[in-house]
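Heavy-atom basis, side chains included; hydrogens, waters and symmetry copies ignored.
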Amino acid sequence: MRVFKFGGASLKNANAIINMVSIVCSNKNEHPLIVVVSAMGKTTNALEIILQNALNGKDYMQDLNKLKNYHLETASDLENNDSSNITNLVNNLFQSFEIKLKELVNQYNGSVESYQFSYDQIVSYGELLSSNIVSEYMNLTGIKNSWLDAREIIVTDSTYTEGKVNWKKTNDRVKKQITKFNGIKITQGFIGADPYNNTTTLGREGSDFTGAIFANCLNAESLTIWKDVPGILNADPKIFHDAQLYDYLSYREAAEMTYYGASVIHPKTIKPLANKKIPLNVRSFERPGETGTLIGNEKSHKVFPAFITKNNQALVSFKVKDFSFIDENNLTTIFHTITNLNIKLNLMQNSATSFSICIDYKEYQVNRLIEQLSSEFKILFNKKLQLITVKNYTEESIERFKEEKILLEQRSRNNYRIVVGEDITF
Ligand code: ASP
Ligand code: MG
């Protein structure tokens, strides 16, 4: 058994879907296969906007029709002249989508909980649409497959928008539902259901994680994530012209990269695979002949430096007001507030009289942080920053930052980290 995961870019139109299905077909004879798909292209973003506008009483029909036409166009491009099966499927799904949306708008009470519940019921349609389109297209071209509803398999709690997986129940369901290990199964990434059968989602970009859940529960031979990049590169090729490909990375190395902000795979993906020593391949759907990056249990030798950037950062510094020092007591006060506000620290540093943190900039969080601590500390704050981590740095690799205005710098044996303005490119 193997698991393949295809993201939105690999399903963005009819040609992309034809290419993706041909990748599935060229692998189908060797092994039984589970294919996990995301929503087509930027569908999830579009669904988020439609939902927000609908719940806020604003016009959403224009965006809804645009999204519907996008799926209908893809459907008709994939159909033979005499068939309209895919189109019918898309129409039916949009019909139930509109009914559900109206129902949710009527029930909406303005609370965060009510928004998050509605989010999962609506945004999950992206994956329901794409998986149905792919499965029906395969039927049409004579490729036997079965469509699986991930909501009947992936069991989560009721933390809507960030469902936590119930591994025991999910394991049982996977084993029950996927008994015959032959043929191709098409299912959805990103979605599951809680014990009350309400749809849940696993967090943005969560389809990689779904792939890893299936791989773990099935003791799969491998998980392959098909991407629009050649594999895992040591920098974002959009900002770094000489980005290099890693042939091999250890689970630890890859997991740490996702921690520092590498967005090529979802941070939750590695653990379920590492626990069972299941190899992860990250490969290009544009160049399926190439092997991409393999991630596994062996140590990586001589890993060349990785440049990982996180944008939209804020640097907040707390300075003691009198002539005292930063100590355990005032750190406890700061951490207490940070925890209560659900702020995630990307980096921290202290000196005798000040303590600095680098966090993702969210206006309401930063405002509340300042509000709650300004009676005790003098607080300085900068936004529009980027955090750059050079993992496995060499002196030569960090040469390029020498001339930059660095607001904060940190160095350990393996990592070099700086906070700089967002305008710096390298
Ligand atoms: N479609 C979802 C998203 O865009 C899940 C995923 O792509 O992995 O967040
Ligand atoms: Mg997506």
Side-chain angles (χ1 to χ4, degrees), residues 110-113 115-116 159 161-162 164 203-204 236 239 255-263 267-268 306-391 393 398 400-426:
S111 69
V112 175
E113 289 76 21
Y115 170 77
Q116 288 172 334
T159 314
T161 73
E162 286 285 345
K164 306 277 170 301
R204 284 303 307 262
D236 182 346
I239 47 177
E256 285 178 9
M257 281 185 192
T258 66
Y259 172 84
Y260 291 123
S263 60
K268 286 188 187 157
F307 297 84
I308 305 159
T309 57
K310 250 185 198 289
N311 278 322
N312 195 27
Q313 298 295 296
L315 188 63
V316 187
S317 297
F318 306 89
K319 288 185 183 294
V320 282
K321 282 186 168 170
D322 46 29
F323 279 96
S324 64
F325 296 123
I326 283 286
D327 65 10
E328 294 71 18
N329 284 331
N330 42 40
L331 282 177
T332 303
T333 309
I334 296 170
F335 271 103
H336 192 73
T337 312
I338 288 174
T339 312
N340 281 343
L341 291 173
N342 217 347
I343 293 175
K344 191 180 158 292
L345 298 183
N346 295 328
L347 177 143
M348 54 189 157
Q349 184 158 291
N350 71 300
S351 68
T353 54
S354 102
F355 178 67
S356 301
I357 57 172
C358 181
I359 58 181
D360 294 344
Y361 177 65
K362 291 183 187 134
E363 194 181 351
Y364 70 95
Q365 273 183 340
V366 172
N367 287 348
R368 294 196 35 207
L369 184 67
I370 294 175
E371 233 170 71
Q372 292 181 20
L373 289 171
S374 58
S375 61
E376 289 186 57
F377 302 93
K378 182 173 178 232
I379 301 177
L380 305 176
F381 137 74
N382 276 295
K383 58 181 181 182
K384 293 214 169 105
L385 303 176
Q386 66 177 321
L387 169 61
I388 301 176
T389 303
V390 188
K391 196 170 179 325
Y393 73 95
I398 59 175
R400 65 181 83 216
F401 303 114
K402 265 213 168 120
E403 306 296 316
E404 305 298 349
K405 186 169 174 284
I406 294 172
L407 282 83
L408 190 153
E409 183 178 37
Q410 215 170 63
R411 228 182 244 252
S412 67
R413 249 176 306 166
N414 293 320
N415 300 324
Y416 175 76
R417 308 186 81 193
I418 51 174
V419 178
V420 292
E422 248 178 7
D423 46 336
I424 291 177
T425 53
F426 48 93

So do [Y] and [X] actually touch side chain to side chain, heavy atoms under 4.5 Å?
{"X": "Leu408", "Y": "Ile418", "result": "no"}
{"X": "Phe318", "Y": "Phe381", "result": "no"}
{"X": "Tyr416", "Y": "Thr389", "result": "no"}
{"X": "Ile338", "Y": "Leu345", "result": "yes"}
{"X": "Leu369", "Y": "Ile357", "result": "yes"}
{"X": "Phe401", "Y": "Val390", "result": "yes"}

If we ignore hydrogens and angles and just use 3.5 Å, is the side chain of [X] paired with the main-chain N or O of [Y] as donor and acceptor?
{"X": "Glu256", "Y": "Lys391", "value": "no"}
{"X": "Thr337", "Y": "Thr333", "value": "yes"}
{"X": "Lys319", "Y": "Ser317", "value": "no"}

Closest contact, heavy atoms only, [X] versus [Y]:
{"X": "Ile326", "Y": "Ser351", "answer": "CB-O, 3.9 Å"}
{"X": "Phe325", "Y": "Asn330", "answer": "O-ND2, 3.3 Å"}
{"X": "Met257", "Y": "Ala306", "answer": "CE-CB, 3.9 Å"}
{"X": "Gly421", "Y": "Gln386", "answer": "O-NE2, 3.3 Å"}
{"X": "Lys310", "Y": "Gly261", "answer": "CE-CA, 4.0 Å"}
{"X": "Gln313", "Y": "Leu387", "answer": "CG-N, 3.8 Å"}

Gln372 vs Leu341, side chain to side chain contact (heavy atoms under 4.5 Å, CB included): CA-CA, chis, key distance, verdict:
CA-CA 10 Å; Gln372 292 181 20; Leu341 291 173; 4.0 Å; yes

May I ask you to check whether [X] and [Y] show a side-chain donor-acceptor distance below 3.5 Å?
{"X": "Asn415", "Y": "Tyr260", "value": "yes"}
{"X": "Asn346", "Y": "Asp360", "value": "yes"}
{"X": "Asn414", "Y": "Ser412", "value": "no"}

Other residues, nucleotides, ligands: >12 heavy atoms within 6.0 Å of Lys321 NZ
yes

Count the heavy atoms of every other residue, nucleotide or ligand shown that sit under 6.0 Å from NZ of Lys383, and state whether that count exceeds 12.
no

Distance to the ring centre below 6.0 angstrom and angle to the axis at most 45 degrees; does that hold for Arg413 and Tyr393?
no

On the six-membered ring of Tyr259, is Lys344 placed so that its NZ or CZ lies under 6.0 angstrom from the centre and within 45° of the ring axis?
yes

What distance do [X] atom [atom1] and [Y] atom [atom2] have between them, rounded to the nearest 0.5 Å?
{"X": "Ser356", "Y": "Leu347", "atom1": "OG", "atom2": "CG", "answer": "9.0 Å"}
{"X": "Gln410", "Y": "Met348", "atom1": "CD", "atom2": "CE", "answer": "8.5 Å"}
{"X": "Lys384", "Y": "Asn311", "atom1": "NZ", "atom2": "CG", "answer": "12.0 Å"}
{"X": "Asn329", "Y": "Ile334", "atom1": "CG", "atom2": "CD1", "answer": "11.0 Å"}
{"X": "Arg400", "Y": "Ile388", "atom1": "CZ", "atom2": "CD1", "answer": "10.0 Å"}

Do Arg417 and Glu409 sit within salt-bridge range, that is, some charged N less than 4.0 Å from a carboxylate O?
no

Between Ile359 and Val366, is the side chain to side chain contact (heavy atoms under 4.5 Å, CB included) condition met? List the steps.
CA-CA 9 Å; Ile359 58 181; Val366 172; 4.0 Å; yes

Ile406 vs Val419, test: side chain to side chain contact (heavy atoms under 4.5 Å, CB included). Steps then yes/no.
CA-CA 6 Å; Ile406 294 172; Val419 178; over 6 Å; no

What's the verdict on side chain to side chain contact (heavy atoms under 4.5 Å, CB included) for Leu407 and Leu385, showing C-alpha distance, side-chain angles and the deciding distance?
CA-CA 9 Å; Leu407 282 83; Leu385 303 176; 4.3 Å; yes

